[in-house]
Structures are given as structure tokens and as C-alpha cells.
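Beneath this line is the structure, given in C-alpha cells, with notes to follow.
The model shown is predicted, which means the values in this text are computed figures rather than measured ones.
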Amino acid sequence: MANIILVANLNCDRILKLNKPLQTGGRFHYQDGGQRLGGGGANTGLGLVWAGHRVALVSEVGRDKVGDWLLAEASTQGIDCHLIQRHEGNTNEMLLVMTPDGERTIIRPQRPIFELAAPPTWSQWDALYINSSAEGAVSWAKTALKQALVMAQLAKDERPRPCHILIASKTDMAGRSALLPWQFGQSIAGESLKYFIVTDGEQGAVVHEADQSRHVDAVTATVVDTTGAGDAYAAGLLHGQMQGWDIIKSMQEASRWSAFAVATQSSIPGKALKRYLSEPES
């Protein structure tokens with residue numbers, strides 16, 4: 001299978017389960033759901049590991065017990081953590097506030113600035129996925145473009161994301177730009193862009209290309225927890241591309257992975273996805 005580098009966050013998620021939907025000025029009861037492995041690095045990486053790929057995570061955690069726990073958990077699950085850096089100070093928890101309908105609100109502390117080291121030798125890697133505000137990510141992407149597939153999530157700001165495949169959600173795009181989708185995608189990803197994919201939950205996703213736009217339906221699922229759905233979608237898409245599938249088949253696979261994610265009460269992909277990936281292909 002493929003050798004994949006993920007530049008993404010590794011989080012310790014603390015789950016707070018509310019008794020009713022959030023409302024400004026309201027009072028709520030909550031149940032403490034405990035801590036769990038999370039962040040885009042784990043949410044994206046584990047499905048790829050289960051699919052048989054070698055996954056190396058580039059991230060940063062604190063030099064404390066929580067950081068130790070994150071590294072141990074991720075390594076035990078099969079993610080290569082040798083490129084993860086440690087910073088002085090604590091690894092702060094990410095608060096995930098869950099409402100009864102499965103929707104979640106994320107509350108996180110300001111992260112310390114994370115600076116990437118020199119890029120690896122890209123001839124040893126098949127794909128680079130970027131979902132992080134790390135300093136140096138643009139340089140990594142530019143050096144990788146000619147030797148590996150580069151895929152990226154649209155940032156919250158207008159920072160460039162040089163890549164072949166750019167992913168955003170419809171929510172991310174709301175009021176973002178007056179440009180047409182393909183033009184906006186190119187303004188972020190540059191001339192190397194082949195596909196700009198905009199996801200819209202149960203409404204599916206649209207892939208924009210230079211000369212056309214195509215829609216792919218979502219896979220129906222019972223929503224339990226939407227945490228990590230976008231990460232699972234990215235993982236499924238990347239898996240499809242590493243299989244040599246065309247973009248539509250890859251998006252269909254991404255929708256399946258995302259459906260498994262929202263039907264699981266967890267940040268990371270659940271056992272149903274693992275079983276699906278272990279089944280022999282028909």
C-alpha cells in the first residue's frame with residue numbers, strides 16, 4: 001500500500017454531553033464523556049492504517065503526561081509518530097460539547113506556533129495531506145508537488161494551500177468569496193490544482209474542475225456524532241486516490257467512510273469502518 005504523511009493535529013478530546021441544544025444565555029446539564037484520542041491526525045490516520053497504508057503523522061504535543069498518553073495511544077493504533085515534535089508546557093484538552101442531536105461545538109485553547117522541520121525526501125512518500133496551520137506547510141507542499149499527491153483542507157483564513165486536491169465544506173465557503181468555485185480554489189491551491197471538492201453533509205459533495213462540476217451523493221447514515229466526519233471523508237478520498245481510482249469513485253468511497261464516522265460515538269473512526277475495510281473485495 002501507500003506511504004502517506006499527514007500534517008495534522010493530534011488532540012486529547014474531552015467530551016461534554018449536554019442535555020439540550022446550545023442556546024445563548026441558557027443553562028445546561030452535562031455528562032462528562034471522558035477523554036479520547038482525536039484531532040485530524042488521528043481521525044484521518046486510523047482509517048488509512050486500517051486500509052493497510054503506512055501513515056506518518058507530523059504534529060506537536062506538549063512535554064507532559066497528556067502528550068505522553070497521546071503518543072502512546074496513536075502509536076498503539078498503528079500510526080507512525082516519529083515525526084511528532086514536543087513543545088515545553090502542557091498539552092491542553094480540546095473540549096467537544098455534544099448536543100442530543102449529535103451536533104458538536106469545539107472549544108479549544110490557542111495553540112503554540114508549530115514550525116515544521118526540513119521537509120522529508122519526497123521520493124519515499126506517495127502522498128502528503130495537510131490539515132494544519134503549521135509554519136512551513138506551504139514550503140512542504142511546494143517541494144512535494146512533483147513527486148507525491150498533495151491534498152489539503154481549506155484553512156480558516158486565506159493562506160495558500162498548494163495542492164492537487166483541495167477540500168472544503170459548504171459551511172467553510174459561506175460568504176467566503178465572490179469568485180466562482182474553481183477560480184477560488186485556484187487562488188488558494190495554485191496552478192497545480194486538479195480538483196476542488198466542496199462537501200455538504202447529507203447533501204453530498206461537488207467536485208469542481210477547470211471545465212466542469214460534478215455532484216456525488218452522500219451515503220445515508222444515522223447520525224450519532226458528527227465529530228471527525230470531514231476527516232474520515234478526506235481519508236476515504238485519499239485511500240481511493242492511492243488505489244488509482246478516478247475522482248468520482250474516490251469521492252463515493254469517501255462518502256462511505258464519512259457515513260461510518262457519523263454513525264459512531266467517537267472522534268476517531270469506529271469498528272464498523274474497520275470491519276468494512278477488512279472485508280475481502282468482491
Would you say that L193 contacts H164 through its side chain, given a criterion of any heavy-atom pair below 4.5 Å between the two side chains? no
Quick one: are V7 and N131 in side-chain contact, heavy atoms under 4.5 Å? no
Among L70, I79, N43, V58, exactly one meets side chain to side chain contact (heavy atoms under 4.5 Å, CB included) together with L10. Which residue is that? L70
Whether N3 side chain and I5 backbone form a donor-acceptor pair below 3.5 Å: no
Would you indicate whether the side-chain heavy atoms of E135 and I113 approach each other to under 4.5 Å? yes
Whether Q183 side chain and S187 backbone form a donor-acceptor pair below 3.5 Å: no
Taking everything shown except Q23 itself, do over 12 heavy atoms lie less than 6.0 Å from its CD? no
T199 side chain to G201 backbone, donor-acceptor under 3.5 Å: no
Counting only heavy atoms from other residues, nucleotides and ligands, does the tally under 6.0 Å from CD of Q31 exceed 12? no
Taken in chain and number order and not counting sequence neighbours, the residues that satisfy side-chain hydrogen bond (donor to acceptor under 3.5 Å, both in side chains) with D200 are none
Output for pair (H239 NE2, R256 CZ), nearest 0.5 Å, gives 10.0 Å
Are I167 and V198 close enough that some pair of their side-chain heavy atoms sits under 4.5 Å apart? no
So, does S177 use its side chain to make a donor-acceptor pair with the main chain of L179 at under 3.5 Å? yes
Enclosure of E202 CD (heavy-atom neighbours >12, cutoff 6.0 Å): no
Measuring from atom CZ of F28 to atom NZ of K20, what distance do you get when rounded to the nearest 0.5 angstrom? 6.0 Å
Interatomic spacing from CE in M98 to CD1 in I15 - rounded to 0.5 Å: 6.5 Å
Is any side-chain N of the basic residue among D126 and R54 closer than 4.0 Å to the acidic one's carboxylate O? no
Shared ILVMFWY cluster between L128 and Y233, side chains joined below 4.5 angstrom? no
Quick one: pull up CD1 in I84 and CG in L71 and give me the separation to the nearest 0.5 Å. 5.0 Å
Mind checking what makes side-chain hydrogen bond (donor to acceptor under 3.5 Å, both in side chains) contact with W257, not counting sequence neighbours? E253
Smallest separation among heavy atoms of P181 and F196, with atom names: O-CD2, 3.2 Å
Count I, L, V, M, F, W, Y as connected when their side-chain heavy atoms are under 4.5 Å apart, and connections chain through other members. Are F114 and L57 then in the same cluster? no
Below 4.0 angstrom, N of the basic side chain to O of the carboxylate: do D32 and R14 qualify? yes
Do V206 and I197 make a side-chain contact, defined as non-hydrogen atoms from C-beta onward lying under 4.5 Å apart? no
Does a donor on one side chain and an acceptor on the other come within less than 3.5 Å for T91 and D64? yes
Does C12 reach the side chain of L37, with side-chain heavy atoms less than 4.5 Å apart? no
Going by heavy atoms in the side chains, are R176 and L154 under 4.5 Å from each other? yes
For W122 and T143, does a side-chain donor sit closer than 3.5 Å to a side-chain acceptor? yes
Smallest heavy-atom separation, A229 atom then A261 atom, equals CA-CB, 4.1 Å
Kindly indicate whether the side chain of Q35, heavy atoms from C-beta on, has any atom under 4.5 Å from the side chain of W69. yes
Co-membership, hydrophobic cluster, residues V216 and F260, 4.5 Å side-chain: yes
Could you tell me which non-hydrogen atom of A259 sits nearest to which non-hydrogen atom of A221, and how far apart they are? O-CB, 3.6 Å
Heavy-atom closest contact (H215 atom, G204 atom, distance): NE2-CA, 4.1 Å
Between atom CG of L145 and atom OG of S192, what is the distance when rounded to the nearest 0.5 Å? 4.5 Å
Could you tell me the separation between the CZ atom of R36 and the CG atom of N11, rounded to the nearest 0.5 Å? 11.0 Å
Please tell me whether L277 and V55 are part of a single hydrophobic cluster in this structure, the criterion being side-chain heavy atoms less than 4.5 Å apart. yes
Could you see if I188 belongs to whatever hydrophobic cluster contains V138? Use Ile, Leu, Val, Met, Phe, Trp, Tyr and a side-chain cutoff under 4.5 Å. no
Between D172 and K156, is the closest basic N to carboxylate O distance under 4.0 Å? yes
What is the minimum heavy-atom distance between M251 and A205, and which atoms define it? CE-CB, 3.9 Å
If every non-hydrogen atom of A2 is compared with every non-hydrogen atom of H53, which pair is closest and at what distance? N-ND1, 3.1 Å
Any donor-acceptor pair under 3.5 Å linking the side-chain atoms of H208 with those of S213? yes
